[in-house]
Peer 1: 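Mind looking over this structure? Questions follow.
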Amino acid sequence: MTFYYKNVYLEETATITGPYEKNGPLRNYFDKTYDDLYMGEKSFEKAEIKLVKDSLIMLMKKSGINKKEVDLVVGGDLLNQITASTYGSYGVGNGFVGIYGACSSSVLGMIIAANFIESNFINNAICLVSSHNMTSEKQFRYPTEYGAPRPKTATFTATGAACSYLTNEESDVRVECATLGRIIDYEQKDPNGMGKAMAPAAIDTLLRHFQETGRTADYYDLILTGDLGIYGKEIFKDYLSKQYKIKLINYNDCGVMLYDLKKQKVLAGASGPVCSALVTYSFIFHQLKKKKLKRVLLLATGALFSPTMLYQKENINSICHAISLEVI
Amino acid sequence: MRNTKYERIANEHKADENRIGNAIIAFISGGVIGMLGEIIIEVLLGFGINRTEAIPIMIVIFIFIASLGTALGFFDNLVTKFKCGLLIPITGFAHAMTSSCLDYKNEGPIYGLGSNMFKLTGSVILYGIVSAYIFGTIRYIIGGM
């Protein structure tokens, strides 16, 4: 399922982050950062909504568009009923599509928006994603103040909101093509090893992308995976080279790039829907605009993990969507 | 679909968990908690309280300290450092309860605090009572009153 686009451009992005990302290596590329996880709100859920609102305001400011001119908003996050996206984007746009693709939501949203734009149903769209370390801890793991000891393979949910403005008006960065992922089940059971659970989905989507487009790894200046973390990244590279003889040279993982893994206590790296978006919309977008990178393939990985299903002895399924960004 | 080849390659990239180190830290920190408990009991004995009464008082003191530490926001950092040494004693129980409370305080006293307070510790209480009942019965049958 690969779609080619002739008329979709990534015009502007906005990124808002929390304190951990602020202390990471990409700090200078973010539009706004907070020192506190509450962002001046009473609860973490409200803080995440605030992040989404902030990112939308920032995007309007940077791109100079009016919130009534936006045709479509595609948003997703990790909260139940994707409340951060729905509450946060209230009042913006003439249509809203809520999506859930776990950590792959960032690219899934872009693919949906790009397909709408390419088919000329709409002229522009905003794709937004958010996650908050504390809200996802509360929802998926233990209470936030519990501080349960976790293994090194566990990942650390990034805090922030990121949005991008896709349009059919020509600009520097083009959305060139995208490959939609499918659900992969490799009988993974460990909720503290998401990198291992998600790597098969990334491999599947990458192979299908290469197969359907006829491209090889050399075609891209950079191939990025979403949030596999340090261990998942190694599994991904190793399995591709051993099983399929594909050597990835220009490859990195957003989860590894977002934090300083030596200094910050974030275990195997960042995760969450906003992880891949924060890295792509800030640092990568900047590099594309400066033409230091020309072709980038982003593979956003998501673990379709539910504590309920895990307690009922079901596997952790995963999914991965790919999008190719090109400089004109 | 289970892919044995994938499992083999993936298992080559496992994290090295410092299990022995963690166990030593937990052993020492848990031991220190036990020692502090004994000191409290000795102090209470000094005040003329007998041992049977001193033990629950010591436990209450620990519950109070742990809950206060959780509420003030530093106990979770201690747990990250000292691991199960703080989670296994009564301090862990108090911490689990208070942290659940803190998480749901915004949802109000009924739907928040009330229904989520024992989210983690409910199992401990339930199976604690059940096993106390069973073992108490066994002891009664074997040893008499």
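Naming convention: chains lettered A, B, ... in sequence-line order (proteins, then strands); numbering from 1 in each chain.
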Peer 1: For chain B, find which of A:Ile203, A:Thr153, A:Ile230, A:Ile235 contributes the most heavy-atom pairs closer than 4.5 angstrom.
Peer 2: A:Ile235

Peer 1: Please classify the contact between B:Asn11 and chain A as side chain, backbone, both or neither, with a heavy-atom cut-off of under 4.5 Å.
Peer 2: side chain

Peer 1: Report yes or no: does A:Ser43 contribute a side-chain atom to a donor-acceptor pair with the main-chain N or O of A:Lys46 at less than 3.5 Å?
Peer 2: yes

Peer 1: Checking heavy atoms, do the side chain of B:Leu78, its backbone, both or neither come under 4.5 Å from chain A?
Peer 2: neither

Peer 1: Heavy-atom distances under 4.5 Å only: say whether A:Ala268 touches chain B with side chain, backbone, both or neither.
Peer 2: neither

Peer 1: Hey, is A:Lys22 close enough to A:Asp35 for a salt bridge, meaning N to O under 4.0 Å?
Peer 2: yes

Peer 1: Given the options B:Val79, B:Leu102, B:Thr80, B:Asn116, which has more heavy-atom pairs under 4.5 Å with chain A than any of the others?
Peer 2: B:Val79

Peer 1: Could you name each residue pair satisfying salt bridge (Lys or Arg N to Asp or Glu O under 4.0 Å) that touches residues 10-34 of chain B, not counting sequence neighbours?
Peer 2: A:Lys242-B:Glu12

Peer 1: Examine distances only and state if a side-chain atom of A:Asp253 and a backbone atom of A:Leu228 form a donor-acceptor pair shorter than 3.5 Å.
Peer 2: yes

Peer 1: Does any pair with a residue in residues 258-271 of chain A pass side chain to side chain donor-acceptor pair (under 3.5 Å), and if so which ones, sequence neighbours excluded?
Peer 2: A:Glu21-A:Tyr259, A:Thr155-A:Ser271

Peer 1: Quick check on the interface: out of A:Tyr146, A:Tyr231, A:Phe236, who has the most heavy-atom pairs with chain B under 4.5 Å?
Peer 2: A:Tyr146

Peer 1: Mind checking which of residues 314-322 of chain A sit less than 4.5 Å from chain B, heavy atom to heavy atom?
Peer 2: none

Peer 1: Which residue out of B:Lys83, B:His13, B:Arg8 racks up the most heavy-atom pairs below 4.5 Å with chain A?
Peer 2: B:His13

Peer 1: What pairs with A:Glu137 under side-chain contact (heavy atoms from CB on, under 4.5 Å), at least two apart in sequence or on another chain?
Peer 2: A:Asn133, A:Arg141, A:Thr144, A:Arg150

Peer 1: Can you tell me if A:Gln188 uses its side chain to pair, donor with acceptor, with the backbone of A:Tyr186 under 3.5 Å?
Peer 2: yes

Peer 1: Closer than 3.5 angstrom, by distance alone: can the side chain of A:Thr301 be matched with the main-chain N or O of A:Ala202 as a donor-acceptor pair?
Peer 2: no

Peer 1: Is it the case that the ring center of B:Tyr111 lies less than 6.0 angstrom away from the ring center of B:Tyr104?
Peer 2: no

